[in-house]
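See below for the structure under consideration.
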Amino acid sequence: MATPLSDTPLSPLRTIAVVGLGTMGTGIAEVLAAAGRDVVGIDISEAQAAKCVAALEASTARAVERGRLTGEQREELLARVTTATGLSAAADADLVIEVAPESYEIKQQIFRELDGVVRPDTVLATGTNALSVTRLAADSAHPERVLGMHFFNPAPAMKLVEVVSSVLTAPAAVTAVTNLALDLGKEPVAVGDRPGFVADGLLFGYLNQAAAMYEANYASREDIDAAMRLGCGLPMGPLALLDLIGIDTARTVLEAMYAASRDRLHAPAPVLKQLSEAGLTGRKAGRGFYTYAAPGSGTVVGDALTPREDGPSVAGRPVRSVGVAGSGTMASGIAEVFAKAGFEVVLAARSEEKAQAAKARIGKSLSRSVDKSRMTAEAAAGTLDLIRATGTYDDFADVDLAVEAVAEDLEVKRQLFATLDKVCKPGAVLATTTSSLPVVACARATSRPQDVIGMHFFNPAPAMKLVEVVRTVLTGDDVHATVREVCARIRKHAVDCGDRAGFIVNALLFPYLNNAIKMVQEHYATLDDIDAAMKLGGGYPMGPFELLDVVGLDVSLAIEKVLHREFRDPGLAPAPLLEHLVAAGCLGRKTGRGFREYAKR
């Protein structure tokens with residue numbers, strides 16, 4: 001006779017039932033069968049069960065074509081999978097993984113029926129990413145055996161599995177499922193029971209803010225998505241990702257998160273409700289934020305909102321020479337970008353010595369490009385010859401475009417713009433690279449605010465393809481057209497946005513980073529688990545704490561404060577842990593210690 005799960009350690013989980021054979025259930029079944037497990041796929045729909053088998057046959061056939069499986073291995077894998085339409089087929093399972101629709105009523109009904117079918121020591125796992133595991137467990141006859149096992153889509157490719165414990169879960173169940181995940185070649189992350197867990201808890205807040213940004217008509221869908229792909233290295237933009245996930249699914253997750261947190265950042269943007277109720281749920285419907293070639297297709301087709309290909313209605317001003325103000329990494333990077341594109345560049349700093357040091361930094365950067373065969377020595381020498389270093393802004397007298405990249409201090413920038421106003425010729429475009437300060441404040445320091453615009457480059461400027469083009473309410477149309485044309489000439493992707501804190505990238509990135517800090521502050525998850533979850537589950541190139549230490553905790557705190565001050569949302573208040581680390585001088589890699597410690601240079 002089987003004993004209750006809490007009394008005995010579990011033997012390896014060999015026979016596993018998967019309840020719900022949609023995309024996720026089918027993917028999980030494939031992963032399990034590929035790892036040698038006997039799989040019982042269960043779905044109330046015979047057609048869906050047949051569709052699952054067909055999908056497995058097709059995916060394994062592709063694996064054979066690509067040399068990942070032999071024909072014999074494919075046959076053995078497929079033989080390990082059987083399907084059924086009733087839960088009674090799970091009677092001999094060691095583990096049941098439920099991936100039914102995100103509904104308490106549906107999932108609780110499944111667990112109640114399973115209580116009467118499976119052994120007392122069988123582990124029951126829910127694949128939910130939005131509902132309370134504790135609530136589902138409490139309704140079970142054996143709550144100690146219920147936990148969450150949250151795979152990510154597509155399950156065969158994604159490495160992350162969040163193992164979710166409730167206060168009722170037996171340690172033996174957690175150990176057994178964690179060992180299974182490792183045996184499947186996955187990276188298990190242990191988390192507690194809260195809506196969204198780690199990865200979706202951070203991801204969906206960010207997606208929601210992107211939807212709200214689009215709904216406010218602050219930036220186009222294409223520009224929001226391009227900004228986050230090119231500015232943060234993400235595999236997909238947030239609106240395209242919402243379409244892939246399903247807008248109705250995202251709304252369900254956010255509703256659950258908001259019910260638990262009451263954080264306005266989790267309150268679903270109204271546009272999500274409007275699209276869901278109209279049936280425009282994303283790729284699966286053929287239309288969501290974007291329009292697709294057919295339901296289920298990933299091919300975007302043009303619609304009424306697609307930007308027109310024809311040129312601007314207003315002509316830009318001619319730009320031959322560019323002045324770059326500043327001597328730091330950003331200033332030298334921007335000067336290098338313009339010189340590589342053939343512009344004559346005046347690089348001005350507060351002293352001749354600083355300007356020459358900045359030019360020397362550019363020379364080293366160009367030498368590295370030569371060493372990596374990205375350019376010839378002759379081209380590098382020619383590029384450097386286009387840059388004239390100077391210790392006075394008076395040498396900006398003849399430039400057509402002046403770009404400032406000095407300290408992120410509004411008073412410093414205002415004083416510089418007042419100087420540029422006096423020095424630069426009439427008709428010169430004046431641009432600021434600020435990432436968080438109001439562009440209009442710089443413009444008002446001049447007698448020609450119509451000539452002032454934001455040109456927010458990303459660091460390192462030679463490598464990063466994005467430029468946020470920030471118009472104020474005073475910026476002239478021809479000035480905007482000029483900067484767009486210049487961006488094309490320097491081979492940067494320009495995105496348009498208005499003059500408000502954070503623009504596109506920082507307004508979406510830093511609330512996400514702040515929420516990650518709050519997770520650690522609340523002892524919900526560790527730095528390492530959160531970083532792993534976002535890299536493996538979200539496809540992020542860096543985890544949030546890796547990124548914070550690179551950016552600098554002082555810089556991050558300053559941007560958080562600006563966002564909080566502008567939007568007045570309590571959810572944007574900087575996490576106290578971030579403030580404490582900055583006060584202690586732990587600023588990240590540059591000081592050798594931030595969220596982590598680093599070897600001294």
Side-chain angles (χ1 to χ4, degrees), residues 22-24 102 129-130 152-154 196 199-258 264-309 466 468-469 493-498 500 502-509 511-512 537-540:
T23 302
M24 181 60 83
E102 289 289 273
N129 64 347
F152 288 75
N153 203 16
D200 285 352
L202 294 176
L203 177 65
F204 278 88
Y206 150 71
L207 296 177
N208 192 39
Q209 292 302 105
M213 179 181 281
Y214 169 76
E215 185 173 25
N217 203 30
Y218 174 67
S220 71
R221 61 191 179 182
E222 287 84 2
D223 280 356
I224 291 171
D225 279 354
M228 297 313 293
R229 283 189 291 104
L230 300 174
C232 296
L234 300 180
M236 292 184 76
L239 303 179
L241 183 54
L242 279 164
D243 276 356
L244 176 62
I245 292 167
I247 292 167
D248 51 342
T249 301
R251 181 185 167 203
T252 299
V253 174
L254 286 163
E255 290 282 12
M257 290 174 63
Y258 180 68
R264 279 167 48 193
L265 297 178
H266 300 152
V271 69
L272 299 177
K273 178 182 179 182
Q274 293 158 15
L275 290 170
S276 295
E277 293 186 348
L280 307 179
T281 53
R283 284 193 189 184
K284 59 189 175 186
R287 187 176 161 197
F289 286 99
Y290 294 90
T291 300
Y292 299 89
S297 169
T299 303
V300 175
V301 297
D303 57 22
L305 298 177
T306 303
R308 295 176 58 175
E309 294 289 334
L466 182 69
E468 289 177 321
V469 178
H493 186 106
V495 297
D496 286 324
C497 53
R500 73 180 201 190
F503 312 135
I504 296 174
V505 173
N506 286 347
L508 295 179
L509 175 64
Y512 149 77
Y540 283 59

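We use all heavy atoms of the structure for the numbers below, so side chains are in, but hydrogens, waters and symmetry mates are not.
The structure places CZ of Arg251 at 14.0 Å from CZ of Phe204, a figure rounded to the nearest 0.5 Å. Note: Asn129 CG to Asp200 CG = 4.5 Å, rounded to the nearest 0.5 Å. To the nearest 0.5 Å, atoms CG (Leu242) and OG1 (Thr249) are separated by 10.5 Å. Within the model, atoms CD of Gln209 and CG of Leu508 stand 7.5 Å from one another, a figure rounded to the nearest 0.5 Å. To the nearest 0.5 Å, atoms CG (Leu203) and CZ (Phe152) are separated by 8.5 Å. Distance check: Ser220 OG to Asp496 CG gives 7.5 Å after rounding to the nearest 0.5 Å.
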Donor-acceptor pairs are to be reported for all side-chain atoms of residues 228-238 against protein atoms at under 3.5 Å, with residues two or more places apart or in another chain.
none

Name each donor-acceptor pair under 3.5 Å that joins a side chain in residues 277-292 to protein atoms two or more places apart or in another chain, with its distance.
unit_1	atom_1	unit_2	atom_2	d
Lys284	NZ	Asp248	OD1	2.9
Lys284	NZ	Asp248	OD2	3.2
Tyr290	OH	Arg221	O	3.2
Tyr290	OH	Asp225	OD2	2.7
Thr291	OG1	Asp303	OD2	2.8
Tyr292	OH	Asp243	OD2	2.7

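The main-chain N or O of Gly498 is found under 3.5 Å from a side-chain atom of Tyr218 such that the two form a donor-acceptor pair. With hydrogens and angles ignored, the 3.5 Å screen pairs a side-chain donor or acceptor of Glu468 with a backbone N or O of Ile504.
Across all non-hydrogen atoms, the minimal contact from Val271 to Ala211 is CG1-O, 3.8 Å. Taking each heavy atom of His493 and Ala226 in turn, the nearest pair found is NE2-CB, 3.6 Å. The shortest non-hydrogen separation linking Val469 to Ala494 is CG2-CB, 3.8 Å. When all heavy atoms are compared, the tightest approach of Gly201 to Met257 is O-CE, 3.2 Å.
Side-chain contact between Val505 and Val495 is absent, with no heavy atoms from C-beta onward closer than 4.5 Å. With contacts defined as side-chain heavy-atom distances shorter than 4.5 Å, the pair Pro270/Glu215 qualifies. Residues Asn208 and His266 form no side-chain contact, since every pair of their non-hydrogen atoms from C-beta on lies 4.5 Å or further apart.
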- Task: Could you please spell out the steps behind the side chain to side chain contact (heavy atoms under 4.5 Å, CB included) verdict for Ile245 and Val253?
- Result: CA-CA 11 Å; Ile245 292 167; Val253 174; over 6 Å; no

